[in-house]
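Reading through the structure tokens given below for one structure.
Convention: sequence-line order gives letters A, B, ...; per-chain numbering from 1.
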Number of protein chains: 2
Amino acid sequence: MENLSERYERILNAIVLNYVHSAEPVGSRTLSRNAAFQLSPATIRNVMADLEDLGLLCQPHTSAGRIPTDKGFRYYVDHLMELQELPELPQTVQENIRKACGAHRGNMEEMLKEGIMVLSRLVPYVSVVSLPHFNQTRLKHIRFVRLNDHQIMAILVSDAGSVQNVLFEVDTAFAQDDLNRFSNFLNQMVDGLTLEGVKRKIFTQMEADKNAYDNMMSQVVQLSRKMFDQQADDDSEIMINGKLNILEHPEFADFERMKQLFHAFEEKNIMIKLLDEAQKGEQLQVIIGSENQCEEMNFCSVVMAGYGREGQPMGKIGIIGPTRMEYSRIIPLVRCTADIINQLMET
Amino acid sequence: MENLSERYERILNAIVLNYVHSAEPVGSRTLSRNAAFQLSPATIRNVMADLEDLGLLCQPHTSAGRIPTDKGFRYYVDHLMELQELPELPQTVQENIRKACGAHRGNMEEMLKEGIMVLSRLVPYVSVVSLPHFNQTRLKHIRFVRLNDHQIMAILVSDAGSVQNVLFEVDTAFAQDDLNRFSNFLNQMVDGLTLEGVKRKIFTQMEADKNAYDNMMSQVVQLSRKMFDQQADDDSEIMINGKLNILEHPEFADFERMKQLFHAFEEKNIMIKLLDEAQKGEQLQVIIGSENQCEEMNFCSVVMAGYGREGQPMGKIGIIGPTRMEYSRIIPLVRCTADIINQLMET
DNA sequence: GTTGGCGCTCTATGCCGATGAGTGCTAATC
DNA sequence: GATTAGCACTCATCGGCATAGAGCGCCAAC
């Protein structure tokens with residue numbers, strides 16, 4: 001999309017702002033009254049007609065005002081929003097977020113949960129976050145606990161503070177003391193690896209070790225193997241907050257559309273796909289309306305940012321709202337929240 | 001409510017059945033056409049007027065048919081439904097449930113989750129379950145894991161298969177070997193107690209032990225104490241499934257009402273209160289419409305049954321639907337599901 | 001290039017009357 | 001005394017119609 005002339009941009013900008021605010025088609029007269037323009041409605045109409053030809057605006061029906069198309073919003077986000085420098089998030093709001101998240105330092109899941117709760121209190125949209133994939137976080141501890149003769153529970157602690165428990169069965173009984181020795185041994189062996197890495201290491205070791213039946217290594221490997229057989233190769237987890245917020249917006253007064261959207265919220269896979277989309281390594285992404293792959297969410301936009309530690313991306317946090325969303329407010333908010341989370345994770 | 005004569009009961013029954021099916025007010029003509037009655041519309045009208053005086057029926061407006069009031073549904077559930085013997089749940093359905101839940105034996109949370117998922121696939125309502133309160137389940141294992149010099153994670157395994165992790169800080173560093181010895185010692189000490197009981201025991205011991213600083217007992221008690229300080233005295237947990245089902249019913253086409261209901265679903269406390277209501281130790285409870293304390297749910301009915309082990313109640317499982325609910329189908333379903341869960345837990 | 005003016009389109013609103021379902025009451029019937 | 005047929009009445013719903021208002025496109029004039 002090549003650039004528009006200044007007048008065109010100003011008018012497009014005004015239409016977007018107006019529509020974001022009112023949720024109603026914007027007419028030429030309304031814009032003309034807006035002091036900033038010294039133009040008559042007729043002139044504005046001409047411009048609007050051109051913008052419509054370019055695919056940036058559309059009319060719900062003849063004789064209604066114009067509303068921005070997805071493409072119009074895209075132009076606004078890419079070209080116009082930056083003209084007006086985005087307001088830094090007020091310090092009080094930043095502190096608000098930092099405090100909420102900071103209260104749960106050490107437990108990443110709680111921290112992120114708190115984070116999206118704050119977000120959906122701050123804005124009338126839905127907030128969403130994908131948790132770090134357990135298998136890809138670094139393992140801090142493995143420990144085996146004997147439940148009874150046949151059952152053992154493995155407890156995996158990642159350095160992100162999350163914990164996974166794996167219950168598995170064994171043929172021969174182990175004493176807890178033995179299990180403790182195994183745990184210690186294993187912990188040394190896997191130090192600093194991701195769970196993924198541990199798995200690989202165990203399976204290679206098993207190959208190498210085929211004939212040695214009695215030493216510690218062999219027993220540990222056997223046990224770990226049993227555990228990995230049980231361990232759910234968990235999908236990413238998603239948390240959503242503030243679903244009800246979205247009902248306040250007139251675009252979802254339509255019952256069918258609302259049902260579709262809520263259906264999408266309930267389907268974890270849809271949400272995962274949404275957050276994984278367009279993973280171009282960009283820090284902040286904005287997906288507008290039908291740009292997103294998921295049909296149920298064609299009337300929504302998503303603003304999301306990656307978070308992580310030491311440059312390693314771990315997940316995304318974002319806000320979902322109607323296409324008619326306050327981008328200029330949401331974008332700094334999401335960016336800032338991701339920053340705060342990054343900072344909290346480094347410490 | 002004293003008993004009605006047979007004719008009155010038959011007409012009330014017919015109105016309930018009709019209304020449950022159609023969601024429309026039922027008129028005298030409709031009933032009269034129903035072959036079972038040999039009565040003219042006029043006669044039926046007289047009966048209906050009497051039932052209205054008794055508060056069992058009401059009219060949305062003059063010249064509309066009648067719909068049962070909450071009181072009418074209550075009479076139906078208490079007196080009429082049992083006349084027609086409730087159909088036993090078909091074997092195939094029972095197997096269906098048993099298979100779904102049985103796949104997760106040993107992990108109660110998963111089992112219950114699966115249970116409510118099956119329920120809300122079977123009926124067009126919302127299913128809900130309260131998880132056993134962790135503090136009240138018997139403890140099977142405690143284990144301390146050293147994370148670093150200052151942090152220890154305690155891992156609590158209940159015999160219900162659920163696990164709680166408690167992260168806490170200590171001033172002095174412990175070696176993992178010491179922690180293992182503590183764990184073993186503590187496990188012997190608390191065998192068979194609930195977490196609640198362990199807590200009491202630790203705190204009494206602490207009193208008794210005030211001056212002994214060096215022995216194992218004293219160290220274990222200190223450590224446990226630190227843990228309990230951190231351990232969230234968790235509220236009961238609730239799981240809900242099939243929220244979208246409820247949108248299919250015309251009573252929730254009203255936007256405001258729907259929003260209220262979804263709000264209630266999101267508020268854990270409301271749901272807990274709902275499930276705890278009328279805890280008269282009855283095996284199966286039916287709460288109809290405004291009988292329930294929570295205003296947001298005045299248009300809903302709840303059918304729920306307790307589940308537990310060895311006679312000990314642990315939680316409830318139930319179905320939430322519009323007041324106009326298929327009680328005669330839901331009640332056996334909920335009862336049977338609770339039975340299946342009970343059986344699976346005993347083994 | 002800009003503007004005022006005119007005719008046109010389309011939606012929203014409110015009113016009207018017809019329709020139909022269902023009631024309550026009364027008088028006749030079993 | 002219970003039951004019923006009949007009738008007048010009420011009320012919600014729906015389609016038709018006219019009106020008002022917002023907004024556009026186009027054209028001619030500035």
Side-chain angles (χ1 to χ4, degrees), chain A residues 4-12 14-19 21-69 72 250-251 253-254 324, chain B residues 4-12 14-19 21-69 72 250-251 253-254 324:
Chain A
L4 302 171
S5 75
E6 200 212 323
R7 166 178 293 178
Y8 279 57
E9 290 200 335
R10 281 180 60 204
I11 287 181
L12 176 58
I15 291 174
V16 168
L17 293 182
N18 228 294
Y19 179 64
H21 180 254
S22 70
E24 303 269 295
V26 185
S28 56
R29 206 191 183 75
T30 318
L31 286 193
S32 165
R33 269 198 296 269
N34 183 331
F37 299 107
Q38 312 292 28
L39 302 171
S40 74
T43 313
I44 294 177
R45 275 204 289 281
N46 290 332
V47 176
M48 283 162 102
D50 290 348
L51 288 172
E52 183 165 0
D53 289 342
L54 289 169
L56 299 170
L57 298 180
C58 67
Q59 278 179 297
H61 54 86
T62 3
S63 92
R66 301 301 207 296
I67 63 181
T69 59
E251 28 271 275
D254 177 80
R324 178 189 63 81
Chain B
L4 302 170
S5 75
E6 199 212 324
R7 165 178 295 175
Y8 280 57
E9 290 200 336
R10 280 180 58 208
I11 287 181
L12 177 59
I15 292 174
V16 168
L17 293 183
N18 228 293
Y19 179 64
H21 181 254
S22 70
E24 303 270 295
V26 184
S28 55
R29 204 188 183 78
T30 317
L31 288 191
S32 166
R33 270 197 296 269
N34 183 331
F37 299 107
Q38 312 292 28
L39 301 173
S40 75
T43 314
I44 293 177
R45 276 204 288 281
N46 290 330
V47 177
M48 283 163 102
D50 290 348
L51 288 173
E52 183 165 1
D53 288 343
L54 289 169
L56 299 171
L57 298 180
C58 66
Q59 279 179 294
H61 55 85
T62 3
S63 92
R66 301 301 209 296
I67 64 181
T69 59
E251 29 272 273
D254 177 80
R324 176 189 66 79

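The stretch residues 62-69 of chain A touches DNA chain C through T62(A), S63(A), each having a heavy atom within less than 4.0 Å of the strand.
Proximity of I15(A) to I67(A): side-chain heavy atoms (C-beta onward) are nowhere separated by under 4.5 Å. For the pair V26(A) and V16(A), the minimum side-chain heavy-atom distance is 4.5 Å or more. Here the side chains of Q38(B) and S32(B) are not in contact, with every heavy-atom distance at 4.5 Å or above.
Here the P atom of nucleotide dC24(D) and the CG atom of L57(A) are 10 Å apart, to the nearest Å. Residue Q59(A) contributes atom CD, which lies 12 Å from atom C1' of dA22(D) at whole-angstrom precision.
Among residues two or more places apart in sequence or in another chain, the side-chain hydrogen bond (donor to acceptor under 3.5 Å, both in side chains) test is passed with E24(B) by none. For N46(B), the side-chain hydrogen bond (donor to acceptor under 3.5 Å, both in side chains) criterion is met by no residue, not counting sequence neighbours. For Y19(B), the side-chain hydrogen bond (donor to acceptor under 3.5 Å, both in side chains) criterion is met by no residue, not counting sequence neighbours. With sequence neighbours left out, R7(B) forms a side-chain contact (heavy atoms from CB on, under 4.5 Å) with S5(B), I11(B), L39(B), T43(B), V47(B). Every residue two or more places apart in sequence or in another chain was checked for a side-chain hydrogen bond (donor to acceptor under 3.5 Å, both in side chains) with D254(A), and none qualifies. Looking at residues two or more places apart in sequence or on another chain, you find a side-chain contact (heavy atoms from CB on, under 4.5 Å) between A42(A) and S40(A), R45(A).
Interface limits on DNA chain C: the 5'-most and 3'-most nucleotides within less than 4.0 Å of chain A heavy atoms are dT2(C) to dT11(C).
Rounded to the nearest 0.5 angstrom, L51(B) CG and L57(B) CG are separated by 5.0 Å. Going from atom OH of Y8(B) over to atom CG of L54(B) covers 8.0 Å, rounded to the nearest 0.5 Å.
Side-chain N or O atoms of T69(A) include none that pairs as donor or acceptor with a backbone N or O of C58(A) at under 3.5 Å. Remark: the backbone N or O of N18(B) is paired with a side-chain donor or acceptor of S22(B) at under 3.5 angstrom.
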Give me, pair by pair, the N or O atoms of the protein and of nucleotides 17-19 of chain D that are less than 3.5 Å apart, along with how far apart they are.
none

Polar atom pairs between nucleotides 2-9 of chain D and protein, under 3.5 Å, N or O only, would you list them?
unit_1, atom_1, unit_2, atom_2, d
dT3(D), OP1, R7(B), NH1, 3.2
dT3(D), OP1, R7(B), NH2, 2.6
dT3(D), OP2, R7(B), NH1, 2.8
dT4(D), OP2, S40(B), N, 3.2
dT4(D), OP2, T43(B), OG1, 2.6
dG6(D), O6, R45(B), NH2, 3.3

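Residues P25(B) and P60(B) share a closest heavy-atom pair of CG-CG, 3.8 Å.
Direction change of the helix axis from one end of the helix from dG1(C)-dC30(D) to dC30(C)-dG1(D) to the other is 20°, with five pairs defining each end axis (rounded to 10°).
Within the structure, side chain to side chain donor-acceptor pair (under 3.5 Å) contacts touching residues 54-67 of chain B (residues at least two apart or in different chains) are E52(B)-R66(B).
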